[in-house]
Amino acid sequence: MAEAAHMEVSDEIAIEIRNMNKWYGTFHVLRDIDLTVNSGERIVICGPSGSGKSTLIRCINRLEEHQAGTIIVDGTELTSDLKNIDKIRSEVGMCFQHFNLFPHLTILENCTLAPIWVRKTPKKEAEESAMHLLEKVKIPDQALKYPGQLSGGQQQRVAIARSLCMKPRIMLFDEPTSALDPEMIKEVLDTMIELAEEGMTMLCVTHEMGFARQVANRVIFMDAGQIVEQNEPEAFFNNPQSDRTKLFLSQILGH
Amino acid sequence: MTDTRSNIAFVRKDPIPPSPPPAAETGIIKWVRENLFSSLANGALTILALFAIYSFLQFAMPWIWNGVWNTSSLSACRDVLDGKTGACFSVLSERWNQLLFGFTYPSEFYWRPALAFVLLFVAAAPVLFIAYVPRQALLFTAIYPFLAYWLIWGGTIWTPVFALLGFVAGYVAFDRLVKQSFFIAAIAAVVAAGLVWWIGGALLTPALSPEVPALTAVASRDLGGFMLNMILGTVCVSLSLPLGILLALGRQSDMPIIKFICVIFIEFIRGVPLITLLFVANVVLAYFFPPGANIDLILRVIIMITLFSAAYIAEVIRGGLAALPRGQYEAADSLGLDYPQAMRLIILPQALKISIPGIVNVAVGLFKDTTLVSVISMFDLIGMIRGPILASTEWNGVYWELMIFAALLFFVICYGISQYSQWLERQLQTDHH
């Protein structure tokens, strides 16, 4: 769509996944995944539950370990080397379905914790930049409250701000709106759209097809641990090729 | 058709303003009727309960009112009572010092443990009420253990001073390096502390004139009474909490050897009665120390009770760790926090909060279990009662008064701990403000 077109995608490779496989015990969850993501790309991953979408993006910051193949994030290969893992994690932000804010810390402390301890940013500086980002997600007035006092939509926006405080180059979203009431989904999607317009590299697991049409430059459909189809959103939604994709789209768009 | 439709259609034009709830019948009559006599059976039970309370008080009140406070032996006490029901509290007024401090602690130095006891509250306040007491007060908390040791045991001031300096050196080393790496910092801290202790203990203390700022030394075997229970309780609770945390984390560790050691330790200690461990401390432990090293009996008992309660606390904290949603670990990981940071900043603050009731349960149990040392002939409060006091010709046979006094002392402390923990739980609630 028009909005997506003006967003730049560079030639620089942000994430390169080659021939990646993962098993949970003997269960083969991810099979021969090949995926190259350029800087500035906005990718939406969809598929039925249990298809391995979440597992795929969780492999990118090593919340899950892959057993075969390679994942290279920002030029650093993910191995069991803890230094590399922490380096990649500090450059890859992640938002979870259930927000996972730290309930014992205030909103501001949630946002400044990682910059202070991982990036060694002075506290004052970290707080200023956190307040700046909280303004961006439109909740600076909640900075001194605790997560339990905020609505779901506000919590998810805090979670986005918390990730952004680390100045990540890549953002992963794992079903960020699935746990939200319908009224709150929009405020979170608006924040994500704004982020996309600034050129952030994004991988989103989501079923918000409107968001996919508006923001994504690529939609990936997964089923049974494999990438079944990927295409530009317009072509993906209007002219799906695989039968599995057609069935899936008819089910989620049918009502 | 149009009629039925217009019957369903509804549009609210004026929002309903909030109004106060109906003025319910209130007052004591209502409360009594609802809570005490809500049915025939409940009314009967209420009357029965009132009768039971009355019969108890009818016996207990004269016993307390007629109590005798100023005789010097049980027989004198009975003479005064002359057949009436009455307690013989004189044993408390005559032997209070032995009950509190033991029978060989020099009476001219009673002010020293008493002062240490008062200062305990000053030192504990900044930790217990961290949001309400200025941070600088924690400095006194840090000094307190060494000050209390010096007050109670006396001797040269250089021993506690160098012990304190060792910890300070360790802390400084740790603080300098912790942002680089937790493990390097931990090793540096141990090395720095060890260095100061070695220099201070082996080289400087003999060189400095040890007698100058010194209190008269009191030997460990002279400590006794409730003071001994307080010392054991306070020291063991404060030491077993950090040790329990380490054991709980070790039990969750990915490293098989560490996990194995922690599991074996916890399961072994939990499988053995505390009494057995105390006998080990008393008799067997000496074989494990180098020959000639005369380790104080109190220290040996402290080690055993600490290990015992640490194993229990570890299991309580493991429950707290398991109760945390997986997402908290993942969020900490995804932000790039390393293991020590994630534990210290995210996981433990929440897990410990969940574990408060369990930890307090262990702490209260441990405090009462310190009376078990009477079995290995240490004269704590119970040891004093069963030993020197009941065995004396004057007070042979005064059970109730002494045991109620002991129960009261323990109850006050344990109830205080329990109330504090409930207050703390309310303080730490961060939702529904």
Side-chain angles (χ1 to χ4, degrees), chain A residues 54 57-58 60-64 80 82-107 109-121 144-150 155 158-159 162-168 170-172 174 179, chain B residues 130-131 135 174-186 245 253-256 258 317 320-321 323-356 359 424-433:
Chain A
S54 291
I57 68 165
R58 288 157 60 87
I60 294 170
N61 67 351
R62 193 75 171 193
L63 288 182
E64 304 284 353
S80 49
L82 286 174
K83 273 235 164 63
N84 281 356
I85 293 174
D86 281 339
K87 178 167 176 284
I88 286 172
R89 281 174 178 169
S90 65
E91 279 168 26
V92 178
M94 182 157 199
C95 290
F96 300 86
Q97 182 178 0
H98 296 291
F99 333 130
N100 297 352
L101 294 177
F102 306 129
H104 62 302
L105 301 176
T106 63
I107 301 305
E109 286 165 343
N110 263 280
C111 293
T112 55
L113 184 96
I116 289 173
W117 286 90
V118 180
R119 290 250 190 269
K120 325 288 182 206
T121 316
L144 298 179
K145 288 194 182 168
Y146 286 93
Q149 298 166 270
L150 268 55
Q155 289 194 44
V158 171
R162 177 176 74 176
S163 300
L164 293 179
C165 282
M166 288 294 282
K167 304 193 171 62
I170 301 165
M171 282 290 291
L172 308 174
D174 189 359
Chain B
I130 201 145
R135 275 292 164 89
F174 182 81
D175 193 50
R176 281 282 163 81
L177 293 168
V178 68
K179 290 222 168 166
Q180 262 87 54
S181 156
F182 182 84
F183 293 104
I184 292 176
I245 293 173
S253 169
D254 295 332
M255 289 178 264
I258 290 185
I317 293 174
L321 290 171
L324 271 198
R326 185 88 215 117
Q328 291 292 312
Y329 293 85
E330 290 177 351
D333 282 349
S334 75
L335 287 169
L337 296 171
D338 60 24
Y339 177 81
Q341 290 170 343
M343 287 300 140
R344 200 150 59 92
L345 303 168
I346 308 298
I347 305 302
L348 281 178
Q350 297 183 63
L352 289 179
K353 180 189 147 190
I354 301 173
S355 316
I356 287 173
I359 292 174
L424 183 63
E425 276 177 62
R426 284 195 300 274
Q427 286 288 305
L428 291 177
Q429 256 175 8
T430 54
D431 43 358
H432 312 302
H433 273 244

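Letters A, B, ... are given to chains in the order of the sequence lines, protein chains preceding strands, and every chain is numbered from 1.
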Select one option (side chain, backbone, both, neither) describing which atoms of I60(A) are under 4.5 Å from chain B's heavy atoms.
->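 Looking at I60(A), nothing touches chain B.
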Under 4.5 Å heavy-atom distance to chain B, tell me which part of L150(A) shows up: side chain, backbone, both or neither.
->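 Answer is neither: L150(A) stays 4.5 Å or more from chain B.
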Interatomic distance, [X] atom [atom1] to [Y] atom [atom2] [nearest 0.5 angstrom]:
X	Y	atom1	atom2	answer
M94(A)	E330(B)	CE	CD	7.5 Å
D333(B)	N100(A)	CG	CG	11.0 Å
Q429(B)	H104(A)	CD	NE2	15.5 Å
D338(B)	S90(A)	CG	OG	11.5 Å
R89(A)	L335(B)	CZ	CG	10.0 Å

Counting only heavy atoms from other residues, nucleotides and ligands, does the tally under 6.0 Å from [atom1] of [X] exceed 12?
X	atom1	value
R119(A)	CZ	yes
K120(A)	NZ	yes
I184(B)	CD1	no

Flag side-chain contact, heavy atom, 4.5 Å: P325(B) against H98(A) |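 Heavy-atom side-chain distance check fails, nothing below 4.5 Å.
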For [X] against [Y], the heavy-atom pair lying closest together:
X	Y	result
F102(A)	A331(B)	CE2-CB, 3.8 Å
I346(B)	L113(A)	CD1-CD2, 3.4 Å
N61(A)	S334(B)	ND2-CB, 3.7 Å

Give a yes or no answer on whether the side chain of Q341(B) reaches the backbone of W117(A) with a donor-acceptor pair at less than 3.5 Å.
->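 Yes, because the side chain of Q341(B) sits within donor-acceptor range (under 3.5 Å) of the backbone of W117(A).
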